[in-house]
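The block underneath contains the structure these notes are about, expressed in structure tokens.
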Amino acid sequence: MNAFLIFGPPGSGKGTVGAKLAAVTGVKHLSTGDIFRGLSPASESGKLFASYAGAGKLVPDEVTIQIFSRYVNGLVDTNKFDPEKDYFLLDGIPRTVAQADLIKSVVNVKHVFVLDVPDDSVIVERLLRRAKIEGRKDDADESVIRARLKEYETKTAAVLSAYDSSLITKINGNQSPNAALRDTLGAYLMVND
Ligand code: ADP
């Protein structure tokens, strides 16, 4: 399967930019956070997700890949994604080096967009604001936000070194959503000429 990846710390705008980029280009935006939040809270995997996400921790790799694969296979089986011609925009996966290794044999990475927001206080402020609008519990608590940032810095940032630097474009995430979208779309068009 062909895929673009969108990376960035929590609150960097991955979801917003990803959804808009998908709407403009036709790539299929897939957010693992959205997939996890869609699990039934009563199910085993739903409970597992709640226990990790509630603490700002990443869900263990094996379970993550299992849920992700099941979801992707469902899209293929129901004709919502055609691996012969469609492209994914993966938002939120891979988030560890182990996940990158596990998906390597099935996901062909075309390009990686990285939304960069260097100042943690900007992120904390954005997420606390988002908590009031979207009601996500993991956005409402500053210590959970800090834990998520730590997971990103210690586990996810390292994933980028798995990809050739020619595959990576850094986008300034410290600007308005439309400006970040414009830059991401520009980078997408450059690699997809
Ligand atoms: P954000 O990037 O704002 O932290 P997401 O919506 O991408 O939020 O993810 C929410 C939560 O879902 C994460 O804190 C984590 O617990 C879980 N999660 C999402 N994607 C993954 C993944 N690839 N591996 C492990 N856990 C994940």
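Hydrogens, waters and symmetry mates are skipped; everything else that's a heavy atom, side chains included, is used. For ligands, and for the atoms within them, numbers begin at 1 and follow the listed sequence.
On a distance-only criterion, S31 and ligand 1 share no N/O pair closer than 3.5 Å. Checking only distances, R37 does come within under 3.5 Å of ligand 1, N or O to N or O. Between K14 and ligand 1, a contact under 3.5 Å exists for at least one N or O pair. When only interatomic distances are considered, the shortest N/O to N/O separation between I93 and ligand 1 does not fall below 3.5 Å. In terms of N/O distances under 3.5 Å, ligand 1 is not approached by Y52. Note: an N/O pair closer than 3.5 Å links G92 and ligand 1 by distance alone.
Taking a cut-off of under 4.0 Å to the non-hydrogen atoms of G33, the atoms of ligand 1 that pass are 5 (P), 6 (O), 9 (O), 19 (C). Shown in contact with A53 at under 4.0 Å from a heavy atom are these atoms of ligand 1, numbered in order with element: 16 (O). Of all atoms in ligand 1, listed by their number and element, those nearer than 4.0 Å to a heavy atom of T64 are 22 (C), 23 (N), 24 (N), 25 (C). Atoms of ligand 1 lying under 4.0 Å from any heavy atom of Q99, numbered from 1 in the order shown and given with element: 22 (C), 23 (N), 24 (N), 25 (C). Atoms of ligand 1 found under 4.0 Å from any heavy atom of T32, numbered from 1 in the order shown, are 19 (C), 20 (N), 21 (C), 23 (N).
From the protein, the heavy atom lying nearest to atom 3 (O) of ligand 1 is R148 NH2, 2.9 Å. Of all protein heavy atoms, the one lying nearest to atom 12 (O) of ligand 1 is F49 CE1, 3.3 Å. Counting only heavy atoms of the protein, atom 16 (O) of ligand 1 lies nearest to K57 O, 2.7 Å. Summary of contacts: the protein heavy atom closest to atom 7 (O) of ligand 1 is R95 NH1, 3.0 Å. Scanning the protein for heavy atoms near atom 27 (C) of ligand 1, the closest one is F36 CE1, 3.5 Å. Scanning the protein for heavy atoms near atom 8 (O) of ligand 1, the closest one is R136 NH2, 3.2 Å.
Side-chain contact between L89 and L21 is present, with heavy atoms from C-beta onward closer than 4.5 Å. Considering only heavy atoms from C-beta on, I6 comes within 4.5 Å of V17 through its side chain. Side-chain contact between Y163 and L5 is present, with at least one heavy-atom pair separated by less than 4.5 Å. L160 places a side-chain heavy atom less than 4.5 Å from the side chain of V112. Two residues are said to be in side-chain contact when any heavy atoms from C-beta on lie closer than 4.5 Å; N172 and L115 fail this criterion. With contacts defined as side-chain heavy-atom distances shorter than 4.5 Å, the pair R182/L185 does not qualify.
Only side-chain heavy atoms of R130 come within less than 4.0 Å of ligand 1; its backbone N, CA, C and O stay farther off.
Between R148 and D139 a salt bridge is recorded (basic side-chain N to carboxylate O distance below 4.0 Å).
Closest heavy-atom approach to atom 26 (N) of ligand 1 among the candidates L149, T156, V59, L90: V59.
Checked against F36 for a ring-ring contact (aromatic ring centres under 6.0 Å, His included), the options F68, F49, Y71, Y52 give a single hit: F49.
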Exercise for the section: Please assess K28 against D86 for the test salt bridge (Lys or Arg N to Asp or Glu O under 4.0 Å), listing each intermediate value before the final yes or no. Expected result: CA-CA 7 Å; K28 175 99 186 155; D86 295 333; over 6 Å; no

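The shortest non-hydrogen separation linking V159 to K155 is CG2-O, 3.7 Å. Heavy atoms only, all atoms of each residue included: N174 and P118 are closest at ND2-CD, 4.4 Å.
In this structure, the ring of F81 has its center less than 6.0 angstrom from the ring center of F88.
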